[in-house]
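Notes follow the structure.
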Number of protein chains: 2
Amino acid sequence: MLAERGPAALSARRLVREVGASTMAVYTHFGSMPALVREVIREGFARFMERLKKVRTDDEDPVAELFALCRVYREFAVAEPHVYAVLFGGSGLAGFELDDSDRDMGVYVLRVPRDAIVRAMALGRFREADSWLVVRQLWCLLHGLSDLERTGYLRADHLGGGVGLGDFLELVLRDFAVGAGDTVEAATASLAESAGRNS
Amino acid sequence: MLAERGPAALSARRLVREVGASTMAVYTHFGSMPALVREVIREGFARFMERLKKVRTDDEDPVAELFALCRVYREFAVAEPHVYAVLFGGSGLAGFELDDSDRDMGVYVLRVPRDAIVRAMALGRFREADSWLVVRQLWCLLHGLSDLERTGYLRADHLGGGVGLGDFLELVLRDFAVGAGDTVEAATASLAESAGRNS
DNA sequence: TATTAACCATAACAGCGTTACGCTGCTCCT
DNA sequence: AGGAGCAGCGTAACGCTGTTATGGTTAATA
C-alpha cells in the first residue's frame, strides 16, 4: 500500500478493511502503527539490498562497478519513491520516526560501494583516503540527487535540451570520480564500461 | 511553531488556541491548512534567501565565495531542520504538497551560487561547462549532506576520530571543486580563504 | 440610516491512532 | 474427556485531526 498508493493510504483502518479485519488486528500483531511501519521498512531495506547485491563485482574496474551500484541506487529511489522517502527521507509516516537500529540498516548498505572504493584506491584510481569518508561523500551525492528528483525539484526540463536525469547522473558520477582522484579519461571510460551491464 | 516544536505541533487547533481564536480563523484567512503551510514556507524561503544574501561576493576568488554560500546552506538546514524538511525534503505537513510555484522559489536560490560558478569558469578555475548543470550537481551534494544530517544518518561519531560534520563539508567541497576542474591546491587555498568570513 | 460584506464562534462530520471490554475458539493439563 | 486458561479479535468509544454549515456580530459602504 505504501509503495503503490503513498504514505497517506497506509492507515490502520484502510489496512484492516483491505484484509477484512478490525483495527485490533494491527495491535495484536504489531503493537502500534509505528511498529507496523517499522516492519514495512525492514522489507524496504531488504528489497534495496537485494537490488544492490545483483551488481556483479569487477576487480579489474572497480570504478565501473561503483558506477553500476550508483545507478541501482537511483533506480530504486525512482521505482519506489514512497518507500525511499521513509527509508532515507525521514518521512514521518503515521508518527513513525527512524530508530538508531533502523538507520544502522541504512548505513549497512554502504559496505557494498565502500568495498569497490577500497579496491579503486588499491589500484591507484582513487586518491588514498578514508574510504568511509569517501563513500559517505558519494552517499550525499546520490541521496541528494534521488531525493531532489523524488520531491520534483530535479526535472529533465530544467537540465537543458536533451539532457535527461540519467545523463545528469553520469555527469555527476564522472565528476565525483575525478574529485576522488581519477582522471577524466579513466572515469569516462569506466562510465561507458559500466553502462550496459546493470543486473 | 513549525521551527520550534516540529511539524506535529503545527495543527489548526493548536494554532488557533495559541492566538485565542476558533478554527474558522484559519479558513477565513488562508482557506485551508495546506494553504496556511504554503505561507509558512514562503516565509521559510525568505529567511533562507536572506542568509544567502549576506555572503559577500568575491570577484577575485569566486570559489571561496561559493564555499561560503555552501556553509550557509548547511547552517540553515541545521538551524531550522523542520523548516528545511518542508522546503526541500518533501515533508507532507498537514496534507501539504509542494507546488510548482513553490519549487520555483527553491530553484530561484540557485541563481546565487550559479553566479559564483560562472565567475569561477571565467577565471579558469572551473572547467568550462553548463553552469546550471554544475550548480545542480553542487545542490545534490549540499541537499544530500544536509538531509542525511537532518534525518540522523550522518553523524560525527560515524566519521572517525576528530572529524566533525563541518570538517566533512570542507572535504566534500574541496573534492567538488576538484571534480569541477579546480586543482587540489587552489581548492584547498580557497577553502582556507573562505573559512572565517561568513556573514 | 439602511444595506452589505467580512469576520469568526459554535457545533458537527469523517477519518485518524489507540484502547477498554467482552466474546470466541483453541490449547493444554488433569 | 472435560474443564481451565488464554491468545486473538470484533465492538465501541476517546481524543485528536482537517473541514464545513450555520448563524450572529461588526465594520464599512450607499
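Labels below follow one simple rule: chain letters A, B, ... track the order of the sequence lines, proteins then strands, and each chain is numbered from 1.
Checked against dG17(C), dT19(D), dT19(C), the side chain of T23(A) finds its nearest nucleotide in dT19(C). Of the candidates dT19(D), dC7(C), dG10(D), dT19(D) carries the atom nearest the R13(B) side chain, counting heavy atoms from C-beta on. With distances taken from any side-chain atom of H29(B) to the nucleotides dG18(D), dC7(C), dT18(C), the minimum falls on dC7(C). Of all nucleotides listed (dG18(D), dT19(C), dT20(D)), dT19(C) comes nearest to the side chain of Y27(A).
The CG atom of L10(B) sits 15 Å away from the C1' atom of dC16(D) (whole-angstrom rounding). In this structure, CZ of R14(B) is placed 13 Å from C1' of dG18(D), rounded to the nearest angstrom. With rounding to whole Å, M33(A) atom CE is found 13 Å from dT19(C) atom P. Going from atom CZ of F30(A) over to atom P of dT19(C) covers 16 Å, rounded to whole Å. What separates CG of L15(B) from C1' of dT17(D) is a distance of 14 Å, to the nearest Å.
Checked against a 6.0 Å centroid threshold, the rings of F48(A) and F88(A) count as neighbours. Aromatic rings from H143(B) and Y84(B) are positioned such that their centres are separated by under 6.0 Å.
Side chain to side chain, W139(A) and Y73(A) meet the donor-acceptor criterion of an N or O pair below 3.5 Å.
Residue-level contact check: M24(A) touches the bases, meaning some heavy atom is under 4.0 Å from a base atom. Contacts of T28(A) with the nucleic acid, taken as non-hydrogen atoms under 4.0 Å apart, include base atoms. Counting any heavy atom pair closer than 4.0 Å across all strands shown, S32(B) reaches sugar-phosphate atoms only and no base atom.
Between S22(B) and the phosphate of dT10(C), there is no side-chain N or O to OP1/OP2 separation shorter than 4.0 Å.
Under the salt bridge (charged side-chain N to carboxylate O under 4.0 Å, His left out) rule, E65(B) has a single partner from R56(B), R125(B), R119(B), which is R119(B).
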